[in-house]
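Chain letters run A, B, ... following the sequence lines, proteins first, then strands; residues in each count from 1.
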Amino acid sequence: MASDKGVTPRSEDFSRWYTDVVQKAELADYAPVRGCMIILPYGYELWEAVKGGLDRRFKETGHQNAYFPLFIPESFLKKEAEHVEGFSPELAVVTIGGGKELEEPLIVRPTSETIIGWAYAKWIQSYRDLPVLINQWANVVRWEMRTRLFLRTMEFLWQEGHTAHATYEEAEEETRRILDLYADFAIADAAIPVIKGRKSPQEKFAGALHSYAIEAMMGDKRALQSGTSHNLGQNFAKAFDIKYLDINNELQYCWTTSWGVSTRFVGAIVMTHGDDKGLRLPPRMAPYQVVIVPIYREEDEKTPVMEAAWRMKAALVAAGIRVHVDDREGQTPGFKYNDWEMRGVPIRMEIGPRDVEKQSVALARRDIPGKEGKQFVPQEGVAAAVQDLLESIHATMLQQATGMRDANLFEIVGDYGRFGEVVESGGWALTWFCGGAACEQKIKDDYQCVSRCFPFDQPYPGQQGPCIVCGHRSAEMAYFARSY
RNA sequence: CGGGGCGUAGCGCAGUCCGGUUAGCGCGCUUGAUUUGGGUUCAAGAGGCCCCCGGUUCAAAUCCGGGCGCCCCGACCA
């Protein structure tokens, strides 16, 4: 159980630790409805940082935002066989509206391929209309059995991109472009190292030709699918009649894609970087990159200290740095240190009477605890020093997460017992895998885990090896790991 | 939907077995002092449909019956 002053240690109970941090850092709160959450302002700012990083990249690659309705006619979901089978168990259905039974029930969207497919069928006539590159930021609902704050809630926020193309190749190129975009965002903005790869047939999106994903290792070594990109082939085009006349005046079905990142990503940030003192936010995502804690005893000390604090803030803001001055009365500096460490602010700037006198400030970095991470710098040119420090913190956090992950990746060839030991101890096993449903099911039954992906980065490209289960020659290796 | 646990102040809990003064404790909150370079200390306060409905009884947080809700472990999942 967490004491009031801290959180459950990660090593003791990672799950409790996660819940403690999310609540104590005020990212989210429970809602009156099971499985739903209130995203608190600080948590929402993190989500806005995710949105900002992704949205910019979407627009740079030619996508536009639009908005499609929350309600989808029930019949739409039934048009694509795999899709309906995949989503039926977790649908929320509206049967009464305005006090009257509806002629056709309405589905609260679990995802929008169907309604967007319907719209694209209307809009697309000619090859000149292609490609269509649209994204929407929206909420979706999936009636989940077991939920956890951010990682799996019944309603969640996400972006879903939906594109239509003239050829398989263009659709495939788009699908891969987005996966690269996601990976770049995760690494460059969130300091989360991710593995890009293709999902097994069992794990792909319901209705997709094939799915790609970025997989990240959390602090407890479990895998978290942090973003997915699907090549839908012509499955939805055929179900919704999305057709165009090509340059030879021949009618063709479109090739479509869809891809998404959700509020789950906030959970990924928490679980990748957090420690026993709470959150550790990657500088580019942090709502506040610097928090200034003023230190003083008497009124005659307070005035010059506060003056320096506001002056430092102005200097940082002018350099485009996000800063907060913690001028709360009644809390001691020590309390504030702990408070902002819980909230994961990358840099704490302390300004006291001694700093006023010496024209200096103290900078303490969140990623390196204690005195090691603390230094005194001159007030003159502080913005540049902070800027460098933020870069360094990002690099260190990425390096730490990458090191932790790589230390837990194991290559296994042909030894099913050893394979089991690895995944049961929480490691990720990279092994030859035929991709077959029976083999994957056996692993699931034996070790409670399924494949994460066939990584693009194969250790033995062009070679073959024995599937870890059936022993048949397989062309690729796949990662297996327990996951969220 | 199977297996466990729990509903008492904002949060965490004690009290329930064995019915009986005014229902307590810690944290948090308010006010005032004190403190402030790593979670100060003290004082005085505020705050309760004891999950809901019904029953037994002179008397129910406590016993009995029914309901509802939540959490944890499994199958399903961004």
Side-chain angles (χ1 to χ4, degrees), chain A residues 1-6 13 15-16 19-20 23-24 29-36 85-91 110-111 138-160 182 199 202-206 211 213-216 223-230 258-268 277-278 293-299 301-302 305 326 328-342 348-358 360-362 364 369-371 373-374 376 441 444-445 448 450 483-484:
Chain A
M1 185 141 311
S3 76
D4 290 308
K5 286 185 175 174
D13 184 341
S15 194
R16 284 290 313 238
T19 308
D20 286 351
Q23 290 183 82
K24 295 207 173 190
D29 197 0
Y30 287 104
V33 176
R34 179 190 75 83
C36 295
E85 191 190 333
F87 281 102
S88 286
E90 51 186 42
L91 293 179
T111 179
N139 58 338
V140 290
V141 169
R142 299 181 186 178
W143 214 265
E144 300 290 350
M145 294 301 176
R146 289 195 59 194
T147 58
R148 302 190 61 197
L149 295 170
F150 287 110
L151 298 181
R152 184 170 303 103
T153 47
M154 296 227 297
E155 178 190 8
F156 57 92
L157 306 183
W158 75 347
Q159 58 70 213
E160 47 177 328
Y182 284 162
K199 287 283 175 182
Q202 290 71 239
E203 293 297 303
K204 73 180 174 64
F205 178 75
S211 294
I214 50 171
E215 296 283 336
L224 185 77
Q225 178 176 305
S226 307
T228 49
S229 185
H230 315 292
S258 69
W259 25 275
V261 163
S262 74
T263 34
R264 165 179 273 193
F265 200 88
V266 174
K277 284 175 172 292
V293 178
I295 298 159
Y296 52 83
R297 294 170 209 263
E298 311 295 338
E299 278 301 307
E301 285 178 348
K302 177 179 175 181
V305 163
D326 187 352
R328 284 178 291 178
E329 306 276 353
Q331 268 91 350
T332 63
F335 178 91
K336 292 177 181 178
Y337 298 169
N338 286 283
D339 197 33
W340 292 108
E341 278 164 4
M342 179 64 70
R348 179 180 73 239
M349 180 185 290
E350 304 169 15
I351 305 178
R354 295 207 292 274
D355 297 300
V356 170
E357 197 179 315
K358 292 188 295 185
S360 66
V361 298
K371 283 204 172 112
K374 197 160 157 178
F376 289 86
Q441 186 62 44
K444 191 173 182 179
D445 294 341
Q448 295 81 50
V450 295
S483 68
Y484 280 98

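In this entry B:C25 has B:G12 as its Watson-Crick or G-U wobble partner, both defining distances falling under 3.5 Å. Checking B:U35 for Watson-Crick or G-U wobble geometry (two distances, each under 3.5 Å) identifies no partner in any strand. Under the Watson-Crick and G-U wobble criteria, each requiring two contacts below 3.5 Å, nucleotide B:G69 is paired to B:C6. When Watson-Crick and G-U wobble pairs are counted only if both distances are under 3.5 Å, B:G74 pairs with B:C1.
In this structure A:Glu329 satisfies the salt bridge (Lys or Arg N to Asp or Glu O under 4.0 Å) test together with A:Lys302, sequence neighbours excluded.
For A:Glu144, the side-chain atoms get nearest to B:A78 when compared with the rest of B:G39, B:A75, B:A78. In the set B:A78, B:C70, B:G37, the nucleotide with an atom closest to the side chain of A:Phe156 is B:A78.
Between A:Lys199 and B:A78, a side-chain N or O to OP1/OP2 separation shorter than 4.0 Å is absent. In this structure, A:Thr332 does not reach the B:G39 phosphate: none of its side-chain N or O atoms is under 4.0 Å from OP1 or OP2.
When rounded to the nearest whole Å, the span between CD of A:Gln331 and P of B:U30 equals 9 Å. One interatomic measurement links the two molecules: CZ of A:Arg34 to C1' of B:C70, which rounds to 10 Å at whole-angstrom precision. Taking atom CG on A:Asp339 and atom C1' on B:U36, their separation rounds to 15 Å, with Å as the unit. The distance from atom NZ of A:Lys302 to atom C1' of B:U36 is 12 Å, rounded to the nearest whole Å. B:U36 atom P lies 14 Å from atom NZ of A:Lys336, rounded to whole Å. When rounded to the nearest whole Å, the span between CZ of A:Phe265 and C1' of B:A78 equals 13 Å. Whole-Å rounding puts the A:Tyr296 OH to B:G37 P distance at 12 Å. Atom CZ of A:Arg148 and atom P of B:C71 are 12 Å apart (whole Å).
Across B:G47 and B:A9, the matching C1' atoms stand 6 Å from one another, rounded to whole Å.
For B:G38, its base sits under 3.5 Å from the side chain of A:Glu341 at one donor and acceptor pair at least.
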